[in-house]
Structure formats: structure tokens, C-alpha cells
S.K.: 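The structure that follows is given in the form of C-alpha cells.
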Protein chains: 2
Amino acid sequence: MQHSPQAGHHPTPTLTRDSIVDAAIQIVEQEGPDALTLRRLGAQLGTNHTAVLRHFSNKDHIVRALAERLMVEALSDFAPGNDWRQTLISLAHQVRSACLRHPAVAVLAAVRVSRSPAEFQGADTVIAALSEAGLRDRDAALVYRAITDLALAAGAFSASVLTLDEDARQGDRDAMGREYLLASPQTYPHLAAVAPFLADIDDDEQFAMAIDLIVAGVAAKAATLASS
Amino acid sequence: MQHSPQAGHHPTPTLTRDSIVDAAIQIVEQEGPDALTLRRLGAQLGTNHTAVLRHFSNKDHIVRALAERLMVEALSDFAPGNDWRQTLISLAHQVRSACLRHPAVAVLAAVRVSRSPAEFQGADTVIAALSEAGLRDRDAALVYRAITDLALAAGAFSASVLTLDEDARQGDRDAMGREYLLASPQTYPHLAAVAPFLADIDDDEQFAMAIDLIVAGVAAKAATLASS
DNA sequence: ACCTGAACACCGTTCAAGT
DNA sequence: ACCTGAACACCGTTCAAGT
């Protein structure tokens, strides 16, 4: 009689890696990144708090699994645009949306995402867009890594604001709106000139501009390299 | 008899906010962000672990003080370049250098830096550079916020790699070098074409390219807005 | 094979007490 | 005014024991 996972009297183990990740996401979303503890996770799953260590060797491995989920979700329902600019822009916004949907997960996991080949499909799409823009080989590889990390960093950064508590957030908003207005026009003329506008910019607009600048930069870089 | 800080028999308190921040930086740099605990801090300072709470109301306030230090150091010995491009590029590298000198501090504190007016001088320099590039008023304010957060996010991201332990870092390096090579040329043709180059790019080069793209993007944006 | 429960060595924060 | 020391309610991880 062979010993297989299906055989014997263990038809459905209580926990699976997927059910643990599901529970972890739920906790982190509802209660913030600090709420993700093994004991809280055990409570959510209705098991002893050490049971999850049968499936992940430590807490860090759980965080990495969250990172993978985030990327899969970001790139799941994606279709390339009509040209390479549209493709890059919509990919970037898709990544940010996933980060904003799970801000605490993004803050916890963004660094781990960028350092491992998360999604071949997403990478291929970006590199295809760069090829269309005129970048090949090593240039394409370099620009790919640069813009991927920029977009991910910007997305996580944008999301991280949502993880601050309401007091800290209001404090930061006030600081932007008020403190910059105190800058002396004599000592800091350029800053004083734009100070009234600084508080007036929301995160959506700022992110859109960041992606705009990067895409414009890619076009300029491709033109430079093509003519050299 | 008036009661003044100088009078009486309390000439030099054991702790000051500065000495606490000094000790915190030393701990975080030598032992990583997780090593920053009140007990470790108390040991470093030769006091009870609760003594620092006389000077900072909680641990989060200590982290914010670290963020301020980081920014001050990043912008302290800075001189504007010959043109606006050089100015922006060298500012960005200065921020990254500070992040790399204190990687764990950067990871801990970057988000808090970007949301508060840390340095009027730095802000004025950047906005002056944008003005030279041709951006004014609300456009300048929007681009200022976008590129500041991008540079800071990129710097913190870059630094965050240094906070991973050697095993995780080697694992990530291997993944880049090896796993991408496994991408099927049929299914992912563009990715497969550049895969050999992906492992060959170091963090310095990648950061330099990111800043290059942003600066090129600023130039392109300024040209677009000027002609409209 | 998978989960439990006790144990261990830690956390941040509060608060009465000392000097 | 500043620091101590005990206490409280938590952590992640290990490991023998159960089923």
C-alpha cells in the first residue's frame, strides 16, 4: 500500500497555505500591518497560534506570500493598450490600485516583490512596450528595472499614507498647507511662490504626474540612444 | 528666587533628545531596524529603558526624529549645480547617499519625511531648478511633489535591500539571474530576449537611470506645457 | 500528518516610588 | 525635574505531547 496525500484518514487538513494567506490579508486590511501576529492569525483561523508554522517556516515567509498575492492581483485582469505609452501608464495605475486596495500589505511587501521574478507576463508586457519605444537588449533591461522599481516604490509610498492613523494624516496635511506658507519670500523666493499650490495637490494627481514624467523620460531616452 | 533650567541641582540631565537620537541611529545602523527597542536604547544610554519616555512620548516620535536627522544630513553639504539638470541629479544622489549610509533608518523613516516640510532650503532649490526648466506656479508645485516623492521612494527602496539579511539577498540575486532565464522564449519572447542582461545591472546603475528618466521627463513636460 | 499547549526570551507602555 | 523598578498585556519561536 503506497502512502499518498489522498490516502488515509486525513482527507482535509484544517489549514492550507491559501487559507492562511486569505486570513492574513483580511487581518492586515482591517486592522493594519501591526495586527498581523501569529496569535491573531490563529484566532482568525480557529487554530492554535503555532499551527501556521506547519505551513510557513516563519512569519517572514507569510509576508512574502502576501507579496506574491499582491502582484498576481495587480496584473490579473490586464490588457495591453493601443501603444506602449498607454500600456505602461495603465500597468502603473493597476499596480497602484492593488497597493491602495491593500495598503498595509503593500507597505509590508513591496520591497520583496521587486527583488524576485513575480510575474513573467507582466515583465514581458513592459519589455515589449519598451521595445516598441525603441529600447533593446541591455538598455531595455536597465530601463525595465528602473521603471518597475520606481512604479512599485511610488505605489507603496502612495499606499503607505493610508496606513498612518487619522491624527498623523491630518497633521501631515496641515503641515503641507500651513508650514510652507511660513517660508520667508526673501530667503526662499521660489518656494514661497508655489507654496499656495502645494496643499492643493492630491495623491491621485501626483501619482499620475509621476508616471507621466517617467513615460516622457523613456521616450526621450529612447530618442537619445537611437540617434547615437 | 526664580525657577530656571540652569538653577538648582540639576545641571546636566543624563539624557537629551539629541543623545537619544544619536544612540538610536547607532543601534539601527549596527543591528538593523528591528533592534531598535526601548530596552536596547536604555542599555546603550546606560539608563532604565523607560527613561527615554521622559523625552519622547512614544517610540513613533523617536522614529520621526530619525527621519528629520536623515533629511538634514542629506541636504547639509549641498551646493546647486551649473544647470537645473545637474542640480536635480546631484540632489537625488545626495538623498540616496544618506539613505544608503543609514539604510535601516531610511526604511523606517522615509514615509514620514515626504509628508512634512522637512527642509525649506532643499525645497527652494528644487523649485528653482524647475523654474529654470520652464515650470511655474501650479505646474511647478505638482512636479515638485511628484519628483520629490519618486526620488525619496527610490532612495528608500534602494536602501531597503541592504536591510535584508545575507541569505535573503543572495536568494533574490539568484532569482534574478536564474529564474528569468527559465522564461519560455515562445510564451515570453521579449522577456527572454533581455533575460541575460537583467542580472547584470547593479543598484547604482539602476538608480542613476531612474533619475535620468525623471529629469528627461521634466524637460519633456516643460516643453509640452510651454508650447500649449 | 497535523495540531495543541506549555515554556522561553523577548516587546511597548503605565505608574507609583525614589532622589 | 528626572530616573527607577515592578507590573501588565503582549510578541515569535521551539519542542514535547497528543490524536
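Quantities reported herein were computed from a predicted structural model and do not represent experimental measurements. Order of the sequence lines sets the chain letters (A, B, ...), proteins ahead of strands, with each chain counted from 1.
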S.K.: Using only side-chain N and O atoms of Thr47(B), determine if any of them is under 4.0 Å from OP1 or OP2 of dC3(D).
M.R.: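 Indeed not, no polar side-chain atom of Thr47(B) lies that close.
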
S.K.: When you check every protein heavy atom under 4.0 Å of nucleotides 5-14 of chain D, what one-letter string (B, S, -) results, 5' to 3'?
M.R.: BBB---BBBB

S.K.: Taking Asp204(A) first and then Arg96(A), would you say they form a salt bridge - that is, a charged N and a carboxylate O separated by under 4.0 Å?
M.R.: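 Answer for the salt bridge query: yes.
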
S.K.: With rounding to the nearest 0.5 angstrom, report the CG to CG distance, Asp22(A) to Leu66(A).
M.R.: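 Going from CG on Asp22(A) over to CG on Leu66(A), the span is 10.0 Å.
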
S.K.: Would Thr50(B) and Asn48(B) satisfy side-chain hydrogen bond (donor to acceptor under 3.5 Å, both in side chains), going step by step from the backbone distance to the final call?
M.R.: CA-CA 5 Å; Thr50(B) 64; Asn48(B) 183 272; 2.7 Å; yes

S.K.: Starting from Watson-Crick (N1-N3 plus N6-O4 or O6-N4) and G-U wobble pairs under 3.5 Å, report the runs of at least three that DNA chain D belongs to.
M.R.: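 C:4-8 with D:12-16, C:12-16 with D:4-8 - these are the stems of 3 or more pairs that involve DNA chain D.
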
S.K.: Roughly how many Å is it from CG in Leu45(B) to C1' in dC3(D), rounded to a whole number?
M.R.: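 Taking atom C1' of dC3(D) as the reference, CG of Leu45(B) is at 13 Å.
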
S.K.: Pick one: which of Leu41(B), Leu38(B), Ile20(B) meets side chain to side chain contact (heavy atoms under 4.5 Å, CB included) with Phe56(B)?
M.R.: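 Testing Phe56(B) for a side chain to side chain contact (heavy atoms under 4.5 Å, CB included) against Leu41(B), Leu38(B), Ile20(B) leaves exactly one candidate, Ile20(B).
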
S.K.: Within 45° of the axis and under 6.0 Å from the centre of the six-membered ring of Phe197(B), does NZ or CZ of Arg138(A) qualify?
M.R.: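 So Arg138(A) doesn't make the cation-pi contact.
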
S.K.: Apply salt bridge (Lys or Arg N to Asp or Glu O under 4.0 Å) to the pair Asp200(B) and Arg145(A), showing each step before the final yes or no.
M.R.: CA-CA 11 Å; Asp200(B) 186 42; Arg145(A) 291 205 51 187; over 6 Å; no

S.K.: Please list all pairs meeting salt bridge (charged side-chain N to carboxylate O under 4.0 Å, His left out) that have one or both residues in residues 36-46 of chain B, counting only residues at least two apart or in different chains.
M.R.: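 Non-adjacent pairs meeting salt bridge (charged side-chain N to carboxylate O under 4.0 Å, His left out): Glu31(B)-Arg40(B).
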
S.K.: Please report the distance, rounded to the nearest Å, between CZ in Phe56(B) and C1' in dC3(D).
M.R.: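 That distance rounds to 17 Å.
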
S.K.: Within this structure, what is the CZ-to-P distance between Arg54(A) and dA16(D), rounded to whole angstrom?
M.R.: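 In whole Å, dA16(D) P and Arg54(A) CZ are 12 Å from each other.
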
S.K.: Should Leu191(A) and Leu198(A) be marked as a side-chain contact (heavy atoms from CB on, under 4.5 Å) after you check the CA-CA gap, both sets of side-chain angles, and the distance that decides it?
M.R.: CA-CA 10 Å; Leu191(A) 174 58; Leu198(A) 281 173; 4.1 Å; yes

